[in-house]
Amino acid sequence: MEPRGEVFVLGLILSIVVLLISVMISVWARRFTRSLGDYYVAGRSIGALNNGLAMVSLALSLTTFIGLTALIIEGLYVAVAVYASFTAAFIGLMVLAAPYLRRHKSFTTMAFISERYDSKTLRYISVIVMMIVSVLYLAGNLKGIGIVFFFLLGVPEIVGIVVGGLVVTLYVTLGGMYGVTYNQTFQTIVLLFCLMFPVAIVMRTLGASGWVFPPLGYGDMVPQMTEAVPHYFWAMVAHPVVYIAIFLGSFIGIIGLPHFVMRYFTVRDAKEARWSTVICVFLVGLVNTTVYATGFAAVYYMQAEGVDIPTAAYDYVVFILVEALAGDGWLALAVAGSVAAGLSTVSGLLMIMGAGLIHDLYGAIKPEVDDETKLKLSYGAMFLVGVAVILFSLDPPEFILEAIMWSFGIAAAGLGVPIVMGIWWKRTNKYGVGAGMVVGTLIAFVSWIMIGYMGMDPVDIPFPFFAKYFYGPLGWIKVIAVAVPISFILTIVVSWLTPPPPENLQRQVDEMHGWSDVDPKRYNGKGLPIVIIVLSVFIMWFMTTLYDQFPK
Amino acid sequence: MNNDSKRGYKLEVWVTAICFAIVAVTGGFFSSVVVIMNEVFFHQVPTPENLVAAYGETMFVFKEHLSVWGFPLHYFLLVVLSWFGATLVGAIWCLVMDRLEEKQRA
């Protein structure tokens with residue numbers, strides 16, 4: 001897609017309205033912030049509906065508008081499998097972690113790990129992992145806002161990054177978690193409206209009989225599609241372990257992503273945490289399935305109607321379709337929706353980075369500092385983190401979906417495993433978690449440096465030795481099928497070989513599960529760790545099989 | 001651990017394990033099964049002449065009798081199970097945990 005030569009006034013006006021409302025919401029929400037708990041976790045006062053809506057906008061980053069459709073055009077089944085896994089992963093997050101984390105009463109993932117395992121060292125390590133994960137996740141999104149401004153609104157990319165970045169920094173700094181939560185709720189509503197309606201119009205123009213409900217409304221177009229692209233629905237383009245790696249990255253990664261987990265610390269109680277996830281997964285599914293429909297419509301538009309969209313423009317295909325088949329008014333809505341999607345994710349990430357640096361890092365180094373001072377420092381830290389991220393986003397790693405998929409993998413191995421084991425197995429101790437976290441993170445992070453950042457072919461990299469099996473389309477994703485199992489195995493084996501954690505730490509597990517009494521037999525059996533080890537070894541073994549049956 | 005407490009604990013662990021297993025299947029293992037057992041969902045056909053250059057001599061197309069609302073079965077299941085299916089499983093788990101929580105409080 002060629003950048004617009006002139007400013008798209010209607011789109012620009014709607015985008016500015018979204019930005020202004022975001023700041024106004026934060027200014028309004030500021031009145032609720034009186035303590036550190038208000039600033040970081042909104043006084044633990046958020047209800048299920050509000051939290052569920054806020055989680056939706058956190059989940060639907062700019063990749064929903066830019067990135068996913070490109071992936072769908074290049075390979076429908078794998079792309080849909082990635083997002084289907086991500087959608088279902090919220091239920092994994094809920095059943096394995098959400099209500100239990102809420103009962104633990106921490107502020108952040110890093111505080112949870114530190115307090116559950118009684119280790120300052122683990123707190124520092126988890127802050128480092130959080131920063132790596134958040135920067136990878138965040139830079140792509142802020143860069144994306146710049147791209148939206150450049151390609152769709154005719155405004156220079158740097159202006160988009162700086163303006164978008166400053167607006168988010170301003171409203172996060174001013175409003176704290178109250179501001180972030182109400183903004184994310186507002187942005188979810190904008191996003192739903194600005195995606196569903198334009199896509200419905202596009203589907204109607206293309207002749208889909210079920211255009212009023214785009215997610216499942218294009219079945220009657222399938223025969224024409226398969227005539228034009230006969231194996232469009234062919235699933236066997238990737239090694240089966242790619243799908244298992246996607247599952248591990250999504251399910252354990254989402255538990256490890258601190259900005260998702262932080263939302264659960266804001267709700268009133270465990271029940272609200274649970275139901276907010278159900279609301280979230282339903283709406284995330286609605287949006288994702290609408291985007292699958294858009295990707296399908298794009299291929300249909302190109303193949304059945306003979307329209308040529310250059311490969312370089314696949315990322316913007318939502319906007320191309322809306323402009324061509326629905327008109328400028330709908331395009332302006334879609335652009336405003338994409339700006340809202342980018343802002344919401346960035347705000348959640350800024351919040352966790354600021355909290356991590358002040359509450360978890362500075363607070364651990366200087367425990368004598370009182371909450372009032374920490375609150376004042378938090379305002380400053382949040383602002384500085386925002387400015388630093390804007391500067392970093394001016395020249396970030398490659399945009400956007402790949403960086404986010406890597407961050408899921410690193411989060412899974414580095415933070416997801418200690419959270420899951422800390423909730424479900426009392427015997428897990430700081431030595432096991434330290435070993436699993438460090439080795440798991442290193443495998444995923446070093447692989448990202450070599451494959452994702454330096455662009456090396458996975459098959460040729462010297463480390464880890466089984467990298468030769470990372471061949472084929474999306475083969476690098478199989479890194480997750482190594483890093484996460486190894487993190488699990490090390491956590492369990494080292495915990496077993498070292499002394500059990502003291503009783504007061506084991507008591508936390510009973511409390512997280514809602515029991516008022518303590519029983520040493522609960523969550524302390526051998527079944528769970530053995531099942532996890534067997535599954536982990538099986539997944540790694542499976543990766544080395546079927547070597548000759550898939551494209552290299 | 002008294003009997004009520006033991007029953008509650010077992011209920012929590014088993015319901016959680018079953019719900020997690022179901023969403024894990026829809027979230028990753030199902031797609032692996034589709035790839036491994038591809039002959040169930042697809043059949044190999046000669047490629048039309050104009051597409052040989054792009055796809056080779058043979059290609060795979062889904063079996064048309066295995067379709068729901070016009071969609072190929074494997075695609076429909078992936079989309080619907082990961083959305084409605086996951087939401088439903090989540091809601092059922094929530095209801096069970098709500099009841100368990102009430103008992104814990106009592």
Side-chain angles (χ1 to χ4, degrees), chain A residues 76-78 80-81 83-92 94-96 99 210 215-216 218-223 226 230-231 233-236 238-241 243-248 250-251 270-271 274-275 277-278 281-282 285-286 288-289 292 513-517 519 521-523 546, chain B residues 1-2 5-6 8-9 12-13 15-17 19-20 22-24 26-36 38 41-42 45 47-48 51 55 59-62 64 67-72 74-76 78-87 89-91 93-94 97-98 100-101 104-105:
Chain A
L76 174 111
Y77 193 82
V78 177
V80 172
Y83 273 72
S85 188
F86 177 58
T87 309
F90 280 94
I91 298 303
M94 178 177 76
V95 302
L96 292 186
L216 294 173
Y218 52 100
D220 59 329
M221 295 158 77
V222 169
T226 44
H231 64 177
F233 290 97
W234 177 229
M236 202 177 156
H239 191 287
V241 168
Y243 298 108
I244 294 175
I246 290 168
F247 154 73
L248 287 172
S250 301
F251 277 63
K271 186 177 178 179
R274 288 193 289 268
W275 285 103
T277 316
V278 176
V281 77
F282 179 75
L286 178 67
N288 282 346
T289 48
Y292 310 156
H513 287 266
W515 303 104
S516 50
D517 60 331
D519 188 310
K521 285 184 183 165
R522 277 197 212 115
Y523 315 105
L546 306 171
Chain B
M1 191 156 48
N2 62 36
S5 159
K6 201 184 247 177
Y9 167 64
E12 183 202 12
V13 170
V15 171
T16 301
C19 288
F20 183 76
I22 293 171
V23 288
T26 62
F29 290 92
F30 170 74
S31 298
S32 290
V33 171
V34 170
V35 174
I36 294 165
N38 60 78
F41 300 95
F42 302 93
V45 295
T47 310
L51 295 173
Y55 298 116
M59 60 195 321
F60 297 88
V61 293
F62 70 90
E64 279 180 22
S67 57
V68 183
W69 293 350
F71 297 102
H74 70 293
Y75 177 74
F76 181 82
L78 178 69
V79 169
V80 170
L81 291 180
S82 66
W83 178 22
F84 290 125
T87 307
V89 168
W93 186 83
C94 283
M97 291 304 135
D98 285 353
L100 177 65
E101 202 170 71
Q104 283 174 329
R105 279 198 195 123

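Heavy atoms only: backbone and side chains are in, while hydrogens, waters and symmetry mates are out. Naming convention: chains lettered A, B, ... in sequence-line order (proteins, then strands); numbering from 1 in each chain.
With chain A as partner, the option from Val68(B), Val61(B), Leu78(B), Thr16(B) having the largest number of non-hydrogen pairs under 4.5 angstrom is Leu78(B). When the candidates Gly90(B), Cys94(B), Ala86(B), Gly70(B) are compared by the number of heavy-atom contacts under 4.5 Å with chain A, Cys94(B) comes out ahead. Of all the listed residues (Leu216(A), Ile246(A), Asp220(A)), the one sharing the greatest number of non-hydrogen pairs under 4.5 Å with chain B is Leu216(A). Of the residues considered (Gly85(B), Pro72(B), Ala17(B)), Pro72(B) shows the highest number of contacts with chain A, using heavy-atom pairs under 4.5 Å. Between chain B and the residues Thr87(A), Ile91(A), Thr226(A), Asn288(A), the largest count of heavy-atom pairs under 4.5 Å involves Ile91(A). For the set Tyr218(A), Phe90(A), Tyr292(A), Phe86(A), the count of heavy-atom pairs under 4.5 angstrom toward chain B peaks at Tyr218(A).
By the 4.0 Å N-to-carboxylate-O rule, Asp98(B) lies close enough to Arg274(A) to be salt-bridged with it.
Heavy atoms of Tyr83(A) lying under 4.5 Å from chain B are absent altogether. For Trp93(B), the part sitting under 4.5 Å from any heavy atom of chain A is the side chain, from C-beta outward, and nothing else. At a 4.5 Å heavy-atom cutoff, the contact between Ala81(A) and chain B is made by backbone and side-chain atoms alike. Looking at Pro99(A), the atoms closer than 4.5 Å to chain B (heavy atoms on both sides) all sit in the side chain, from C-beta outward. Leu286(A) touches chain B through backbone and side chain together, each having a heavy atom under 4.5 Å away.
Ring-plane geometry between Phe84(B) and Phe282(A) is classed as tilted, the angle between the planes lying from 30 to 60 degrees on a 0 to 90 degree scale. Using the six-membered ring where Trp is involved, His74(B) and Phe41(B) have ring planes that are tilted, between 30° and 60° apart. Between Tyr523(A) and Tyr9(B), the angle of the ring planes goes over 60°, which puts this pair in the perpendicular group of the 30/60° scheme.
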Start with the C-alpha distance between Val89(B) and Met94(A), add both sets of side-chain angles, then the distance that settles side chain to side chain contact (heavy atoms under 4.5 Å, CB included), and finish with yes or no. CA-CA 11 Å; Val89(B) 168; Met94(A) 178 177 76; over 6 Å; no

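Taking the side chain as every heavy atom from C-beta outward, Phe30(B) and Ser82(B) never approach each other to under 4.5 Å. A heavy-atom distance below 4.5 Å is not found between the side chains of His513(A) and Val13(B).
Taken to the nearest 0.5 Å, the OH atom of Tyr243(A) stands 11.0 Å off from the CD1 atom of Ile36(B).
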